[in-house]
Amino acid sequence: IALNRAKSGDRGRWHYYTTDMAAATRSRLDLLHELRLAVEHRRGLELHYQPQIELVSGRVVGAEALIRWRGGDGSFIRPDLFISLAEYSGLIVDLGAWVFETAVEELRVWDSAGLTGVRMAINVSLVQFRDPLFLTRLRAALDKTGIAPNRIELEITESVAMLDAETVIAILTELKAMGIQIAIDDFGTGFSSLAYLHRLPIDRLKIDRAFVRDLGSARASGASIAQTVIGLGQSLGLSIIAEGIETEDQAQLLAALGCPLAQGFLYSRPVDSATFMAWWKARQQS
Ligand code: C2E
Ligand code: MG
Ligand code: MG
């Protein structure tokens with residue numbers, strides 16, 4: 001365990017073995033075992049949806065699907081805890097397929113309930129891109145439901161987009177050809193090479209909530225980074241969405257900076273499908 005720890009860090013590192021390393025490894029293994037059962041039996045898995053809003057009009061233009069996993073004791077296990085485990089173990093391939101099949105199916109449910117025209121943003125991991133069946137399964141999910149590909153947006157994180165240029169560019173190019181939209185999630189937290197970013201066939205940058213949080217606060221850096229990303233998007237011809245909007249002030253500042261789209265607790269937390277539909281209808285009427 002200590003050797004693995006040392007190897008996973010910078011070169012030339014060393015670690016002493018301690019008993020809590022073994023305990024941490026064991027609890028990760030237990031969690032992995034539970035997750036494997038959950039994915040195999042589609043048990044305790046749910047998608048929640050968070051609306052995406054056009055700032056000028058207040059119109060709902062889409063939703064982001066966020067996975068929720070209810071563990072054996074009924075409480076939710078946070079995606080931050082299990083997504084990395086799912087990636088590391090390869091389970092993300094099946095889990096991710098379940099996510100996009102469920103999310104695409106959900107659009108059909110919304111359409112028949114009168115919530116027409118919204119787009120669905122789905123998070124995908126680089127590991128899924130390496131799965132030879134990824135595109136086939138995605139296409140099958142779209143064909144089965146008749147959902148237009150341009151209503152699907154895949155979110156890949158900035159760090160992931162920068163990892164494996166050949167794979168990423170090849171897959172993104174195919175996705176674009178299918179008509180699917182692509183957004184770079186958590187933008188500004190990784191260290192994008194701008195030259196490389198320019199080569200990626202993407203539609204949108206998603207400003208990380210760390211920069212939104214600092215908007216309007218004494219720390220001016222957040223505002224200047226948000227402003228820079230908006231400017232970068234405009235000059236590269238990309239759309240922008242800001243995530244993590246919690247206050248009316250942040251929304252107004254972003255609108256003033258020219259940010260077209262927003263997502264955050266100010267509008268709604270991620271909620272289950274029934275709650276999302278009720279929220280959307282109530283908003284239409286007000
Ligand atoms: P993300 O894609 O950047 O998702 C945004 C996260 O910010 C979500 O956390 C959401 O609940 C939270 N959030 C939204 N609005 C606000 C706000 O106003 N304030 C604050 N403080 N937080 C806000 P969540 O649902 O815990 O997801 C965490 C991460 O897990 C996601 O970050 C995404 O990277 C990953 N994830 C979630 N679902 C999936 C999935 O289906 N597949 C993959 N590969 N990753 C997923
Ligand atoms: Mg996301
Ligand atoms: Mg994000």
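One-based numbering along the sequence shown. Source: prediction; values computed, not measured. In each ligand, atom 1 is the first atom listed, and ligand 1 is the first ligand listed.
- Distance CZ/Arg42 to CD/Glu101: 7.0 Å, rounded to 0.5 Å.
- The Gly264 neighbourhood of ligand 1 comprises atoms 15 (N), 18 (O), with distances under 4.0 Å to a heavy atom of that residue.
- Distances from the Mg ion (ligand 3) show that Asp208 has no N/O/S atom below 2.8 Å.
- At least one heavy atom of Pro270 sits closer than 4.0 Å to an atom of ligand 1.
- Remark: the Gln50 side chain and the His48 side chain contain no N/O donor-acceptor pair separated by less than 3.5 Å.
- Trp69 and Phe82 have their aromatic ring centers within a separation under 6.0 angstrom.
- Centred on the Mg ion (ligand 3), the angle running from Glu243 (OE2) to Asp185 (OD1) is recorded as 90°, rounding to 10°.
- Distances between N or O atoms of Thr157 and those of ligand 1 include no value under 3.5 Å.
- When only modelled atom types and interatomic distance are considered, Ser273 and Glu106 share a side-chain donor-acceptor pair under 3.5 Å.
- Backbone or side-chain N, O or S atoms of Asn123 reach the Mg ion (ligand 2) at under 2.8 Å.
- Numbered from 1 in the order shown, with element, the atoms of ligand 1 that lie under 4.0 Å from a heavy atom of Val99 read 41 (O).
- Per residue Glu64, closest N, O or S atom to the Mg ion (ligand 2): atom name OE2.
- The atoms of ligand 1 that sit less than 4.0 Å from any heavy atom of Gln50 are 14 (C), 15 (N).
- Atoms of ligand 1 found under 4.0 Å from any heavy atom of Asp185 (numbered from 1 in listed order, with element): 1 (P), 2 (O), 3 (O).
- A cation-pi arrangement is present between Arg269 and Phe265, with the terminal nitrogen or guanidinium carbon under 6.0 Å from the aromatic centre and inside a 45° cone about the axis.
- A distance-only check finds a donor-acceptor pair linking the side chain of Arg151 to the backbone of Val118 [under 3.5 Å].
- Under the side-chain hydrogen bond (donor to acceptor under 3.5 Å, both in side chains) test applied with Asp94, the options Arg36, Gln128, Arg137 reduce to a single match, Arg137.
- For the 3.5 Å distance criterion, the side chains of Gln263 and Lys206 qualify, holding a donor opposite an acceptor.
- Taking 4.5 Å as the limit, some side-chain heavy atom of Phe129 sits within range of a side-chain heavy atom of Val124.
- Proximity of a side-chain donor or acceptor of Asp272 to a complementary backbone N or O of Thr275 within less than 3.5 Å is detected.
- The shortest contact between atom 28 (C) of ligand 1 and any protein heavy atom is with Asp80 OD1, 3.2 Å.
- Of all N, O or S atoms in Asp186, the one lying closest to the Mg ion (ligand 3) is OD1.
- Within 4.0 Å of atom 13 (N) of ligand 1, at least one protein heavy atom is present.
- Remark: among candidates Phe82, Phe265, Trp98, the nearest residue to atom 18 (O) of ligand 1 is Phe265, based on non-hydrogen atoms.
- Atom 26 (O) of ligand 1 has its closest protein heavy atom at Pro79 CG, 3.5 Å.
- Ligand 1 has an N or O atom lying under 3.5 Å from an N or O atom of Ile67, backbone or side chain.
- In this model, no donor atom of one side chain and acceptor atom of the other lie less than 3.5 Å apart for Glu105 and Thr102.
- Phe187 pairs with exactly one of Ile207, Asp208, Leu232 by the side-chain contact (heavy atoms from CB on, under 4.5 Å) rule, that one being Leu232.
- Heavy-atom proximity to atom 8 (C) of ligand 1, evaluated over Leu66, Leu154, Leu81, is greatest for Leu66.
- For the residue pair Asp249/Thr247, the side-chain donor-acceptor check at 3.5 Å is not satisfied.
- If you number the atoms of ligand 1 from 1 as listed, the ones under 4.0 Å from a heavy atom of Asp186 come out as 3 (O).
- Here the side chain of Trp279 pairs a donor or acceptor atom with the backbone of Tyr267 at under 3.5 angstrom.
- Listed by atom number, the atoms of ligand 1 under 4.0 Å from Glu246 heavy atoms are 17 (C), 18 (O), 19 (N), 20 (C), 21 (N).
- Between Arg209 and ligand 1, a contact under 3.5 Å exists for at least one N or O pair.
- Taking every heavy atom of Glu243 and a limit of under 4.0 angstrom, the matching atoms of ligand 1 come to 3 (O), 5 (C).
- By the criterion of a heavy-atom distance under 4.0 Å, the side chain of Glu64, and not its backbone, is placed next to ligand 1.
- The proximity of Asn123 to ligand 1, defined as any non-hydrogen pair under 4.0 Å, involves the side chain as well as the backbone.
- There is a protein heavy atom less than 4.0 angstrom from atom 2 (O) of ligand 1.
- Checking side-chain atoms of Glu34 against main-chain N and O of Leu31 turns up no donor-acceptor pair under 3.5 Å.
- Taking a 4.0 Å cut-off on heavy atoms, Arg68 registers as neighbouring ligand 1.
- The minimum distance between the Mg ion (ligand 2) and any N, O or S atom of Glu155 involves atom OE1.
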